Amino acid sequence: MKQTFDVVVIGAGPGGYIAAIRAAQLGFKVACIDQWTNAKGGPAPGGTCTNVGCIPSKALLQSSEHFEQAVRHFAEHGIVFAEAPAVDLKKMLARKDRVVAQNNDGILYLFKKNRVAFFHGTGAFVGRSDEGYEIRVSAPAQQTLTAQHVIVATGSRARPLPGVAFDEKRVLSNDGALAMANVPRRLGVIGAGVIGLELGSVWRRLGAEVTVLEALPTFLPAADQDVAREAQKVFAKQGLKIELGAKVEAVRTSQGGVRVDWTGPDGKAQQLECDRLIVAIGRIPNTDGLNAEAVGLARDERGYIVVDEECRTNLPGVWAIGDVVRGPMLAHKAEEEGVAVAERIAGQRPHVNFETIPWVIYTSPEIAWVGATEQRLQQSGRPYRVGTFPFMANGRARALGDTTGFVKILADAATDEVLGVHMIGPWVSELIAEAVMAMEFRAAAEDIARICHAHPSLAEVTKEAALAVDRRPLNF
Ligand code: FAD
Ligand code: AMP
């Protein structure tokens with residue numbers, strides 16, 4: 001059977017499902033195809049983000065943080081336990097699975113509400129005719145769809161180390177790392193990026209001895225280096241061992257565990273023996289099942305679909321968004337592109353500002369930033385002023401019992417325009433939204449400094465950092 005739509009979206013991750021909803025809001029007849037299947041064989045829309053990414057990792061980060069608080073910090077608040085708190089991992093993982101399922105169901109509900117036709121299966125290009133592009137949906141849904149507009153939002157998957165396949169028992173991608181049935185005594189992590197640090201933190205809090213091997217000599221090179229240095233110091237204090245400049249030579253698995261042979265920056269050969277190894281060295285775009293050749297959809301040498309700034313591919317009417325195209329692999333970047341593409345199909349002229357896409361690492365302390373780092377401003381030669389304010393001097397942070405970190409604001413030396421905001425500390429994943437808003441409105445540091453912030457609140461640290469740009473913080 002053949003069905004005709006105005007827009008067919010392939011992939012229901014945060015890029016695809018949001019694009020489908022926005023297109024439906026704009027009056028188009030929309031179909032969305034997604035292949036992700038849950039344990040019962042049913043559809044599980046939401047992509048990497050919902051099933052094995054943002055959502056389950058944040059569920060486990062929260063659970064493991066509660067445990068760490070109970071073990072290490074509740075006593076400071078005068079809360080004592082008759083017996084030491086313990087982890088029921090089965091229950092913790094079941095809760096994480098419920099959170100994921102709620103999100104899957106939420107997306108199916110939104111599709112119904114917005115009259116998006118959902119097809120569970122793999123979408124592949126068949127060809128092109130006057131009616132538009134023909135796309136076959138294979139099992140479990142068996143359908144052929146046609147549409148003048150196709151949005152490819154097929155996302156990404158974990159990149160394995162060359163010659164070391166993921167078995168999800170000893171050598172784990174994010175999929176296996178979010179579902180370990182017991183806490184390993186010794187856990188190795190390859191890659192100190194966002195995913196490696198978040199997953200390493202979860203299992204360290206639950207009791208694993210964690211060693212992270214990172215190839216680059218610099219810790220978190222994309223972050224402002226003041227923030228990166230503070231993070232490295234705090235992570236080391238927590239017991240997260242991070243080895244920089246580590247060259248992985250060989251990985252061998254056995255019944256007993258995994259052995260990683262690696263070379264340190266001094267050229268010395270070293271071994272890491274661990275029970276399990278998480279490999280988090282980046283991700284590769286998913287284009288395998290698409291049959292892109294059938295229509296001549298262009299990909300670059302690394303497999304990404306080639307797009308312009310507006311997500312147009314080389315084919316008229318075919319768009320691509322999210323992890324399968326250039327740019328940061330972030331759910332909210334995929335969503336913004338999804339909305340923008342739907343609006344472009346409707347003839348509108350939206351704009352995605354890459355300079356105001358926030359970055360967040362949900363470790364403890366949390367790390368968040370938007371805009372330029374100090375090292376980038378130094379390289380560009382643009383004159384700037386810096387204002388920094390510590391959580392240590394904030395009443396709410398003291399009351400919380402979490403005074404780690406600071407907020408740092410970089411502003412243009414002449415105009416005072418905010419160029420970058422860098423945060424490390426409690427709840428900065430939420431605080432960063434104010435900085436994004438300020439930059440989107442091209443605010444000056446003084447604009448933030450003059451806004452009334454509730455007292456006591458962690459957001460006052462942002463205000464004080466803005467005052468510090470002009471050398472006049474009030475509480476420091
Ligand atoms: P995906 O979410 O990958 O969705 C693509 C969907 O398309 C999938 O369901 C896939 O099965 C389906 N698909 C692929 N090919 C086909 C086909 N031919 N037919 C039908 N369906 C197909 N980002 C953040 O912003 N914040 C975070 O906190 C965060 N945490 C993360 C934690 C982890 C452990 C990981 C791995 C990632 C995390 N990310 C986070 C990144 C985020 O998950 C991705 O950037 C985001 O999911 C990309 O969205 P997408 O829609 O492009 O693709
Ligand atoms: P991200 O890009 O945030 O997913 O992080 C991936 C991290 O893995 C980056 O910090 C990379 O430098 C790091 N990385 C990539 N390849 C290797 C490797 N072979 N060994 C160790 N670290 C690696």
Side-chain angles (χ1 to χ4, degrees), residues 8-19 32-37 43-58 60-61 104 107 119-125 135-138 141 151-162 164 173-175 177-178 189-199 202 212-223 243-249 251 260 262 278-283 285-292 320-325 327-335 337-338 357-362 429:
V8 168
V9 184
I10 309 179
Y17 92 77
I18 289 291
C32 185
I33 310 165
D34 192 271
Q35 65 192 13
W36 210 296
T37 301
T48 301
C49 170
T50 301
N51 292 295
V52 291
C54 324
I55 300 300
S57 64
K58 264 81 261 178
L60 288 185
L61 278 157
N104 297 141
I107 295 166
F119 296 91
H120 184 206
T122 303
F125 285 100
I135 291 152
R136 240 197 101 55
V137 188
S138 53
I151 304 175
V152 180
T154 45
S156 66
R157 62 184 182 280
R159 178 206 309 278
L161 275 167
V164 190
S173 70
N174 53 295
D175 300 28
L178 289 161
V189 179
I190 314 254
V194 178
I195 295 170
L197 290 173
E198 288 187 0
L199 296 176
V202 165
V212 186
L213 302 180
E214 166 60 50
L216 296 175
T218 314
F219 185 57
L220 289 178
E243 301 281 1
L244 298 174
K247 184 164 184 286
V248 173
E249 308 285 358
V251 175
V260 182
W262 61 282
I278 298 174
V279 177
I281 58 169
R283 299 183 59 80
N286 288 329
T287 55
D288 295 354
L290 267 180
N291 198 23
I321 59 170
D323 279 13
V324 79
V325 304
M329 287 185 161
L330 294 170
H332 42 284
K333 174 262 192 186
E335 290 180 28
E337 287 183 333
I357 293 177
W359 287 79
V360 179
I361 309 178
Y362 295 81
S429 57

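Both ligands and their constituent atoms are indexed starting at 1 by order of listing. Excluded from the calculations below are hydrogen atoms, water molecules and symmetry mates; all remaining heavy atoms, backbone and side chain alike, are included. What you see is a predicted model, and the numbers here were worked out from it, not measured in a lab.
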A.B. asks: Show me which atoms of ligand 1 lie under 4.0 Å from any heavy atom of Ile10.
C.D. replies: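 Those atoms are 17 (C), 19 (N), 20 (C).
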
A.B. asks: Any idea which part of Leu161 is under 4.0 Å from ligand 2, heavy-atom wise: side chain, backbone, both or neither?
C.D. replies: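 Only the side chain of Leu161 comes within reach of ligand 2.
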
A.B. asks: Enumerate the atoms of ligand 2 whose separation from the nearest heavy atom of Leu213 is less than 4.0 angstrom.
C.D. replies: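 Atoms satisfying the 4.0 Å criterion: 21 (C), 22 (N).
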
A.B. asks: Among all protein heavy atoms, pick out the one at the shortest distance from atom 29 (C) of ligand 1; state its residue, atom name and that distance to 0.1 Å.
C.D. replies: Cys54 SG, 3.3 Å

A.B. asks: So which of Pro162, Ala280, Gly196 gets nearest to atom 6 (C) of ligand 2, if we judge by its closest heavy atom?
C.D. replies: Ala280

A.B. asks: Any atoms of ligand 1 less than 4.0 Å from a non-hydrogen atom of Gly322? List them with their elements.
C.D. replies: 52 (O)

A.B. asks: For ligand 1, is there an N or O atom under 3.5 Å from any N or O atom of Tyr362?
C.D. replies: no

A.B. asks: With only distance considered, is Trp36 within less than 3.5 Å of ligand 1 through an N or O on each side?
C.D. replies: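 Not met; the criterion fails.
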
A.B. asks: Looking at Gly13, which atoms of ligand 1 are within less than 4.0 Å of one of its heavy atoms?
C.D. replies: 2 (O), 4 (O), 6 (C), 51 (O)

A.B. asks: For ligand 1, is there an N or O atom under 3.5 Å from any N or O atom of Ser57?
C.D. replies: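 Between Ser57 and ligand 1 (N or O atoms, distance only) the closest approach is not under 3.5 Å.
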
A.B. asks: Identify, by atom number and element, the atoms of ligand 2 in contact range of Gly282, meaning under 4.0 Å from any of its heavy atoms.
C.D. replies: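 With Gly282 as reference, the close atoms of ligand 2 come out as 4 (O), 6 (C).
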
A.B. asks: Got the closest protein heavy atom to atom 3 (O) of ligand 2, with its distance?
C.D. replies: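 Residue, atom and distance for the closest contact: Val194 N, 3.4 Å.
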
A.B. asks: So, is Gly15 polar-close to ligand 1, with some N/O to N/O distance under 3.5 Å?
C.D. replies: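 Yes; the residue has a nitrogen or oxygen that sits under 3.5 Å from a nitrogen or oxygen of the ligand.
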
A.B. asks: Under 4.0 Å, heavy-atom basis, I'd like to know which part of Ile190 is in contact with ligand 2: side chain, backbone, both or neither.
C.D. replies: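 Just the side chain.
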
A.B. asks: Please could you name the atoms of ligand 1 that Ala153 approaches to less than 4.0 Å, counting only its heavy atoms?
C.D. replies: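 With Ala153 as reference, the close atoms of ligand 1 come out as 5 (C), 6 (C), 7 (O).
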
A.B. asks: N/O of Val52 under 3.5 Å from N/O of ligand 1, yes or no?
C.D. replies: no

A.B. asks: Using a 3.5 Å cut-off on N or O atoms only, is Val324 in polar contact with ligand 1?
C.D. replies: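 Looking only at distances, the answer is no, because the N/O contact criterion of under 3.5 Å is not met.
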
A.B. asks: Which ligand 1 atoms are under 4.0 Å away from a heavy-atom of Thr122?
C.D. replies: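 This gives 17 (C), 18 (N), 19 (N), 20 (C) as the contact atoms.
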
A.B. asks: If you count the atoms of ligand 1 from 1 in the order shown, which ones are under 4.0 Å from a heavy atom of Cys49?
C.D. replies: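 Matching atoms, with element in brackets: 2 (O), 43 (O), 47 (O).
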
A.B. asks: Does the N or O separation between Ala215 and ligand 2 drop below 3.5 Å for any pair?
C.D. replies: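 It does: an N or O of Ala215 is found under 3.5 Å from an N or O of ligand 2.
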
A.B. asks: Any heavy atom of Ile195 closer to ligand 2 than 4.0 angstrom?
C.D. replies: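 Ile195 does not count as a contact of ligand 2 under the 4.0 Å cut-off.
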
A.B. asks: Evaluate Thr48 for polar contact with ligand 1, using N/O atom pairs at a separation under 3.5 Å.
C.D. replies: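 For ligand 1, there is an N or O atom that lies under 3.5 Å from one belonging to Thr48.
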
A.B. asks: For ligand 1, which atoms, with element, lie under 4.0 Å from some heavy atom of Gly47?
C.D. replies: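 This gives 2 (O), 4 (O), 8 (C), 9 (O) as the contact atoms.
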
A.B. asks: Under 4.0 Å from any heavy atom of Arg283, which atoms of ligand 1 are there?
C.D. replies: 36 (C)

A.B. asks: Name the one of Thr287, Val324, Asp323 that satisfies side chain to side chain contact (heavy atoms under 4.5 Å, CB included) with Ser156?
C.D. replies: Asp323

